[in-house]
There are 2 protein chains.
Amino acid sequence: MATIKDVAKLAKVSPSTASRAMHDNPAISQKTKLRVWKAMESLHYAPDFNAQSLANKRSNAVGVILPVDHHEIFTNPFFLKVLRGISEACYHAQTMVNLATGSSQAELLNSIDIMVTQGMIRRFIVLYSEKDDPILTKLRQLNAQYVMIGKPYQLVNETPYVDNDNILAGSDAAQFLVDHGHQNICFVYNDLKKMVQNDRMLGYQRVMMDNGLLINSFELPAKEYPGGRQLIVQYLTQHPEITAFITVDDMLGLRIQQVLKSSTVVENRDVSIIGFNNSVFSEAAHPALTSVEIFPRRLGNEAAKIAVSLQNEEHLSTKLIVPHQIIERHSVVTM
Amino acid sequence: MATIKDVAKLAKVSPSTASRAMHDNPAISQKTKLRVWKAMESLHYAPDFNAQSLANKRSNAVGVILPVDHHEIFTNPFFLKVLRGISEACYHAQTMVNLATGSSQAELLNSIDIMVTQGMIRRFIVLYSEKDDPILTKLRQLNAQYVMIGKPYQLVNETPYVDNDNILAGSDAAQFLVDHGHQNICFVYNDLKKMVQNDRMLGYQRVMMDNGLLINSFELPAKEYPGGRQLIVQYLTQHPEITAFITVDDMLGLRIQQVLKSSTVVENRDVSIIGFNNSVFSEAAHPALTSVEIFPRRLGNEAAKIAVSLQNEEHLSTKLIVPHQIIERHSVVTM
DNA sequence: ATTGTTAATGCAACCGGTTGCAAAAAGATT
DNA sequence: AATCTTTTTGCAACCGGTTGCATTAACAAT
């Protein structure tokens, strides 16, 4: 591997000049810059990552923070898609991607601490947003920059983020059902601390109110996985008026669908379902699930682009809204 | 942040002694070691990651290589689970996890090159195994160490890997069907260059031959996603004798299931299905898919443990076989 | 005590970059 | 030609660790 000294030698300048030329420092004359660039080229020079981080006291890697997953549930393909998007953007930005590690919240917090204090990583992408997240407190306390995927709960204006317009998406889903003649629609969620879920619910509520319809919601807690069958049957029997569900993730929709198909108690009940995330599996379901595509890869990609451009102390709060799109399949029928 | 000089000062030794004490170098006396350790403790000292990498010319991060995904298909939750396992192990080993980036094979190759030559990352975990993979050639050429998840195609004996016994898993799946009275069983795959698929097929074949049964296989190529419906219908009509499928991934099974349920052409045909990977969605299907659980998190975890313990030039080739388990649900019926 | 051996420590250079500041070069002014 | 400005460059220190080798301390043997 060529070092900057090799470059300097070849260009007949000092290493410091080579370094400055490399960074297009205005103090260096055009002539020598060209010489240095040529030398870099011909030696296939690329700066050493660690040396640079050490000298700059700041690495140009971004940290990626996945939600801790308590119950093996959130092996949701969504995150993998997001990761692909991040990976793509970081490739083009010549930036390394570092996964925060750990399997509990405490471990994750510690991991982030290490990444910042020992690894000099100062920019993070947080792949989710939930209320009162200690991770964010930690990041702020460490003086690290971060972009979120999902709308922040606090400091909305100061935090750069990329998100779908989940309120709108929730409205659209609800409106879609209303347009198909449904009046008794239930919103199914998981954990309202997650901002996505919260926002989608808000959107749903707005449409219901605008149409003078009753609001129904049903929590199918993460802990209930993979059971929850009981809960679903119970809800269905207690609410015979419900003709449609909006589920905050396709998986919940799929579970309801399964219960509907397999439980004798609620047999022959025709219930429509619209989910979110357009997971590959919703397509394989029968009937194939109508779902809201939220373009996770794009979310990741944009988030990463923002992350790599984050300046040191500067708190510019870019926001970017990625569109969503209802993918119509067969799980919603007209009343 | 405390540096090693602060530690040295506090322990009244030179930085070199502090460094050696920290690494438990036998040249340092027990007395001073204790003094240094105490100092480290009280200053909450932890070595700077980049400085260490620079001085050692080797970082203690591991690189993670996901398969390139050509058609947005392999957003398989499998990989996310593996990642969780890796993340967990690396946390405990105080090792950073670096994702190789890029969205094409060429980009990935380049990314790996950069990680090694500029980032000094020398240990990788390759999350898949396929025949004639240029990624491996690159890794070898860069003199990097790697662990694979999945049995290597070449250099089986020299390459450390963790895998399920996929031949056995394939056999078990086939035997399971045979035990349920099936004789005409078809093996459905995606891409036989993937070693998992290849091995499972081998296992399947062995059982069929041992039982004097005919071997049938059916390729449902990745490119056909999300279509392939035609292909499935075609296969089913051309092979009326088939009563059961083994699919190399649950998703393929789910797709066949869907076709069976929704196509009038093949209506009323009772076909059993057993899949692999026990994805969350197979449970939500109707009938719930019987599937082979391969414990991806464990695979990732073990692979990471091996990766972090990989010595510099040494080619010890640990192998580790993670058990599998058939999760019996309702998609296989007795003939 | 003196010398020989071995164990324990420190000096100084190095890893590959960056940067403040002084020095040299180039250009402008008288 | 001498002096003053303004550009352009290089010296040397630094980032925070590691390590070969010389040095010193400790101990044993005579």
Side-chain angles (χ1 to χ4, degrees), chain A residues 1-37 39-40 43-61 94 96 114-122 312, chain B residues 1-37 39-40 43-61 94 96 114-122 312:
Chain A
M1 272 307 286
T3 74
I4 202 164
K5 281 161 197 165
D6 301 323
V7 172
K9 209 161 294 170
L10 186 62
K12 297 195 199 313
V13 294
S14 72
S16 36
T17 302
S19 171
R20 284 189 257 255
M22 162 160 92
H23 295 297
D24 207 8
N25 185 315
I28 305 299
S29 72
Q30 205 58 27
K31 254 192 330 214
T32 46
K33 270 182 194 169
L34 281 167
R35 268 206 338 275
V36 171
W37 291 342
M40 284 175 46
L43 291 174
H44 288 104
Y45 170 78
D48 179 281
F49 183 81
N50 295 112
Q52 230 171 9
S53 303
L54 181 58
N56 289 328
K57 288 169 154 274
R58 117 180 256 269
S59 100
N60 76 137
Q94 301 249 58
M96 299 230 151
I114 290 173
M115 289 170 92
V116 174
T117 59
Q118 296 170 240
M120 297 168 175
I121 296 177
R122 290 257 167 58
N312 221 351
Chain B
M1 274 307 287
T3 75
I4 202 164
K5 281 160 198 165
D6 301 322
V7 173
K9 207 161 297 172
L10 186 61
K12 298 195 199 310
V13 293
S14 72
S16 35
T17 302
S19 172
R20 284 190 256 256
M22 162 160 91
H23 296 296
D24 206 7
N25 186 313
I28 305 298
S29 73
Q30 206 57 26
K31 253 191 332 210
T32 48
K33 269 184 195 169
L34 280 167
R35 259 195 359 263
V36 172
W37 291 341
M40 285 175 46
L43 291 175
H44 289 103
Y45 170 78
D48 179 282
F49 183 81
N50 295 111
Q52 232 171 8
S53 303
L54 181 59
N56 289 329
K57 287 168 153 278
R58 121 180 250 272
S59 98
N60 77 138
Q94 299 249 59
M96 298 229 151
I114 290 174
M115 289 170 91
V116 175
T117 59
Q118 296 170 240
M120 299 168 172
I121 296 177
R122 290 255 165 60
N312 222 351

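As the structure is a prediction and not an experimental result, all values here were calculated from the model.
In this structure, B:Asp6 places its CG atom 9 Å from P of D:dG17, rounding to the nearest Å. Taking atom CZ of A:Phe49 as the reference point, atom C1' of C:dT18 lies 16 Å away to the nearest angstrom. Residue B:Asn50 contributes atom CG, which lies 11 Å from atom P of D:dG17 at whole-angstrom precision. Taking atom NZ of B:Lys12 as the reference point, atom C1' of C:dG10 lies 16 Å away to the nearest angstrom. Atom NZ of A:Lys5 is separated from atom P of D:dG10 by 15 Å (rounded to the nearest Å). Put simply, CG on A:Asn25 is 14 Å from P on D:dT7, counting in whole angstrom units. As rounded to whole Å, 11 Å separates atom P of D:dG17 from atom CG of B:Asn56. Nucleotide D:dG16 holds its C1' atom 19 Å from the CZ atom of B:Arg58, rounded to whole Å.
No donor-acceptor distance shorter than 3.5 angstrom exists from the side chain of B:Gln118 to the backbone of A:Asp48, with no hydrogens or angles considered. Between the side chain of A:Trp37 and the backbone N or O of A:Thr32 there is no donor-acceptor pair closer than 3.5 Å. Under a 3.5 Å cut-off, the side chain of B:Lys33 and the backbone N or O of B:Asn25 do form a donor-acceptor pair.
Scanning all heavy atoms of the two residues, the minimum distance from B:Ser53 to B:Met120 falls at O-SD, 3.5 Å.
Residues A:Ala55 and B:Gln30 both approach DNA chain C. Their nearest nucleotides, taken by heavy-atom distance, put B:Gln30 toward the 5′ side.
At a cut-off of 3.5 angstrom, counting only N and O atoms as typed in the model, there is no donor on one side facing an acceptor on the other between the side-chain of A:Arg20 and the base of C:dG17.
Listed candidates were D:dT18, D:dG10, D:dT9. Nearest to the side chain of A:Ile28 is D:dT9. Comparing D:dG10, C:dG16, D:dG17 by their closest approach to the side chain of B:Tyr45 singles out D:dG17. In the set C:dT18, C:dT19, D:dG17, the nucleotide with an atom closest to the side chain of B:Pro47 is D:dG17.
The CD atom of A:Gln52 sits 10.5 Å away from the CG atom of B:Asn50 when rounded to the nearest 0.5 Å.
Taking only side-chain nitrogens and oxygens, B:Ser16 never comes nearer than 4.0 Å to OP1 or OP2 of D:dT19. Taking only side-chain nitrogens and oxygens, A:Ser29 comes nearer than 4.0 Å to OP1 or OP2 of D:dT9. A sub-4.0 Å separation between OP1 or OP2 of C:dG16 and a side-chain N or O of A:Gln52 is absent. Contact check, B:Thr17 against C:dA8: no side-chain N or O comes under 4.0 Å of OP1 or OP2. Within the structure, a side-chain polar atom (N or O) of A:Ser14 is placed less than 4.0 Å from OP1 or OP2 of D:dG10. Between B:Lys57 and C:dG16 there is a side-chain polar atom (N or O) within less than 4.0 angstrom of OP1 or OP2.
Looking at heavy-atom distances under 4.0 Å, A:Thr32 makes contact with sugar-phosphate atoms alone, never a base. No engagement by B:Met120 is indicated, since no non-hydrogen atom pair under 4.0 Å with the nucleic acid exists. Using a 4.0 Å heavy-atom cutoff across all strands shown, B:Thr3 reaches sugar-phosphate atoms only and no base atom.
In this model, no donor atom of one side chain and acceptor atom of the other lie less than 3.5 Å apart for A:Ser16 and A:Ser19.
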